[in-house]
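First the structure, in the form of C-alpha cells, and then the observations on it.
Throughout, protein chains are lettered first and strands after them, A, B, ... in sequence-line order, and every chain is numbered starting at 1. Because only heavy atoms are used, hydrogens play no part in the values below, and waters and symmetry mates are left out as well, while side chains stay in.
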There are 2 protein chains.
Amino acid sequence: MSDIISKVTIADIARALKITPATVSRALNNHPGIKEETKLRVKETALRLNYQPNKIASSLRLGKSNIIGVIIPSAEISFFGSVVHGIEKVANENNYNVLIYQTNELFEYEKKGVQTFLQSQVDAVLASISKETINLDHYQELKRRGIPLILFDRANDQLGVSSVVVDDYAGAFEATKHLISQGCRRIAHIGGQQHVSIFNQRLKGYIDALNVHNIPLNDDLIVYGKVSIDSGRECMKQLLALRQPPDAVFAVEDFTALGAIQAIKQAGKVIPDDIAIIGFANEAFGEFLTPSLSTVNQQTVKMGEEAAKMFFEGQRKGGTWLTQPKKMVLEPALICRESSSKR
Amino acid sequence: MSDIISKVTIADIARALKITPATVSRALNNHPGIKEETKLRVKETALRLNYQPNKIASSLRLGKSNIIGVIIPSAEISFFGSVVHGIEKVANENNYNVLIYQTNELFEYEKKGVQTFLQSQVDAVLASISKETINLDHYQELKRRGIPLILFDRANDQLGVSSVVVDDYAGAFEATKHLISQGCRRIAHIGGQQHVSIFNQRLKGYIDALNVHNIPLNDDLIVYGKVSIDSGRECMKQLLALRQPPDAVFAVEDFTALGAIQAIKQAGKVIPDDIAIIGFANEAFGEFLTPSLSTVNQQTVKMGEEAAKMFFEGQRKGGTWLTQPKKMVLEPALICRESSSKR
DNA sequence: GTGAAAGCGCTAACAC
DNA sequence: GTGTTAGCGCTTTCAC
C-alpha cells in the first residue's frame, strides 16, 4: 500500500527526457539560452514526476542557504513575535526561510544561538540582544566570517552594524508629556537595567520631559527594576510606601506596568484617578485590561520588515559588513487608553 | 582590518595535522576506533582554527537535515507559541533545529508550508491544522515520501498519523459542570466551526454536562461563531438580545470569551453576578483581565514536548509511518478565576 | 542550445 | 587505527 517513493532528482528528469542533468538544472532555473520548448518539457516532467528541488544540495553548491537566523530573547513576548512576523513576511517574499533561536534573556544561550546559526550556514543573522548580555564577542565572530548581522530594538552601536530601533527617547518623552498634560505633577518612573540602551533612553526621555515642563526631578520617584511583572509590582510597592506617593507612573514597558497596576489596585487606589499609568511596547494584553493600558506603540511588524529589507538591500550591494552601517529609527506612537485619561 | 576569514573545513584540519579528512571526521564524531590521542589533537586543532562544521554538507551526505518543520496557524496566539516552545526544548536536546511556518489559518499557506518543508528536507513535520483546511492531500504527500507527520491540538484521525491532543470533551464537560456548580441554569455556549473536531468535541462536552445534570438543552442558547474576538462579541450580542438571556456562558476559547466579555460590559451587566463566563485555552491575557477569566488549561508546553518526543521515539523504531499511530490525550485542567466565581 | 566533468564539505564502505 | 575512494544532488565552467 503505502509505498514510500524514492526521491526524484534532476537526474531522473534528465533520463526521462534523454537530456543531461545540466540542461534540466538550467531549464528549471530559467537560464537564458535554453530553448523555450526544452524549458516547458522539463517543467512538465518535473511536475509529472512530482519533483521537489533539494535545497540542501543547492545550498551546498551555491554556498548560501537561503535561511535567515533570528535571535530573540523570548517568543512569549508578543512584541518579538510581531517583529518576527515582519521578518518572515519579507523573507518569504525573497524566497528565504527563517530559523528562530530564543535566548530566554541568557547570555550563554545567545552564544549558542550564534554558534548554531554558524553551523547551519545561515546567510544572515538578525538579533535583539538579551538583557543579560554585556560581552559581544560572539557577534564579532559573524563579522570575521562575513555573515551580515542586523540588530533590532535591543541594538548596540559599538558593534558597528546596521540596526532598526524605535526612538525610545521620543516615546518616553511623549509618554511623560502626556501624563503632564493630564495634570499629573508627581510622576514616577519605573526603569529597567541601565546598561540596556533602550531602557536608558527611556529614562532620559522621562527626565527631559519633566525638565522642559519645569517639574523638578525627584530621585525618590525613580526606581529601577528588572523589567517583569513581579519586578513592576515590587517597584510600585516602594513608590506607594513613600510619604508622598506619585500621582502618575511611566513604566519602562508594559509588563512592568502590569505589575504596577496590580500593586496599585491592591493598595485600594483607583486608576487613573489616584494614579495614572502608562507603559511602553503595546503588548497584546494592554487593550484588554480594566482600565485599558495606555502605552507607546513601536511599529513592531514594520521593525521586522525593515530589518529584513536591510539585509536584502545590503546583499544586493555586496555585503553588509562592507557598507556603512545604517541606523533606522522608527517613530513611536502614543496610544492613550483609560489608564492615563483623567476626566 | 576586517579580514573575512575563509571557511575552515575538515580538510584544513587534516592538512595541519598531516592526516586525512576521513580521520578528522571520525575524530570529531567520536568514532570508536580512533586513538584517543588523535581525537584530542584533532579537537584541539579544530578549536584553534575556529572550525565550525558545515551542517549543510553533512545533511546532504547523511540524507537528513536535523530540522523539524512546524506548521502552526499563528504565532500571535500564545497557545501555539507555547507549544512551539515545548517542541524546541525537546528538539534542541536532540540536536535538532526547528523551522516554523505560519499559515494564518489559510489552506493555501498550509500547502505552501508543506512544500517549503519538503524542499528544505526536514526530517519531520509537526502540524496543527488550520481552521480553513478540509482537504488533506498535501499531508499525504509527506506520507508518500516517508516523512513523519505528527499532529497536535488541531488533529485529524483520517490521516492515520500520531497526534497529541487535549481531551476537549472532558475540558468542556468540566467547564460546564463548574458553571452549574455556581448555580447557573441558563448556560449558553458560543461554539466554533463544527468541522474542526476540537470545537465539535467541546460542544459535545457542554451538551452532556447539561444532560447529566438534568438541565434541558435550549437551542437558543447555542450560537456558532468564527472563533475570534469580534465573533465572540457578535455572538454575545445575540444572546443578550434573547427574551431571557443566559446567566452563564461557556465560550469555545479565550478570544471568543474576551469578545463576549466586552459585549456583556457594554450592555451594562456585571460579571460574574449577572452572567458568569468561562473560556478555553488559558491564553496569556486571561489572568490580567478584570474580572480575571476562568478557563481551561491545555498543558501547551507538554503538548509540544510530547509531539516532539513521538517523532524521536518513532525514529528510533524506524519510521513513524510504519508503526501504529499513537494518540496521546492530555488531561485539561480547570482554572477557576473571578469571571465564573459567584459568592 | 546542450553536453561533459568537476566540486561544494562531509561521511561511510572498503581496504590494509 | 587510519587511508582511499566514491558519492549525496545540484550548479557551473568549459567545451563544441
Between [X] ([atom1]) and [N] ([atom2]), how many Å, whole number?
X: Lys64(B); N: dA12(C); atom1: NZ; atom2: P; answer: 11 Å
X: Asn54(A); N: dG7(D); atom1: CG; atom2: C1'; answer: 14 Å
X: Lys7(A); N: dC10(D); atom1: NZ; atom2: C1'; answer: 13 Å
X: Glu37(A); N: dG1(C); atom1: CD; atom2: P; answer: 12 Å
X: Gln119(B); N: dG9(D); atom1: CD; atom2: P; answer: 15 Å
X: His31(A); N: dT2(C); atom1: NE2; atom2: C1'; answer: 11 Å

Below the 4.0 Å mark, does [N] have OP1 or OP2 next to a side-chain nitrogen or oxygen of [X]?
X: Thr23(A); N: dT2(C); answer: no
X: Thr38(B); N: dT2(D); answer: yes
X: Tyr51(B); N: dC10(C); answer: yes

Counting any heavy atom closer than 4.0 Å, what does [X] reach on the DNA or RNA strands: base, sugar-phosphate only, or nothing?
X: Ser25(A); result: base
X: Ser59(A); result: nothing
X: Ile56(B); result: nothing
X: Gly63(B); result: nothing
X: Thr20(B); result: base

Minimum-distance nucleotide (side-chain atoms of [X] versus [options]):
X: Arg26(B); options: dA13(C), dG3(C), dC10(D); answer: dA13(C)
X: Ile34(A); options: dC10(C), dT2(C), dC10(D); answer: dT2(C)
X: Leu60(A); options: dA4(C), dT2(D), dG9(C); answer: dG9(C)
X: Ser58(B); options: dA12(C), dT11(C), dG9(C); answer: dT11(C)
X: Leu62(A); options: dG1(D), dT12(D), dC10(D); answer: dT12(D)

### Task
Check if the side chain of Arg61(B) and the base of dG9(D) share a donor-acceptor pair of N or O atoms closer than 3.5 Å.
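Answer no: no donor N or O sits under 3.5 Å from an acceptor.
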### Query
Is the gap between the ring centers of Tyr101(B) and Tyr109(B) under 6.0 Å?
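Distance test on ring centres: not under 6.0 Å, no.
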### Message
Check whether Ser130(A) reaches the backbone of Glu132(A) with its side chain - one donor and one acceptor, N or O, closer than 3.5 Å.
### Response
yes
### Query
Mind checking whether Ser65(B) and Ser120(B) have side chains closer than 4.5 Å, heavy atoms only?
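In short, these two side chains do not touch, never coming nearer than 4.5 Å.
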### Task
Would you mind telling me which of His138(B), Arg145(B), Lys143(B) makes a side-chain hydrogen bond (donor to acceptor under 3.5 Å, both in side chains) with Glu141(B)?
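Result for side-chain hydrogen bond (donor to acceptor under 3.5 Å, both in side chains) with Glu141(B): Arg145(B).
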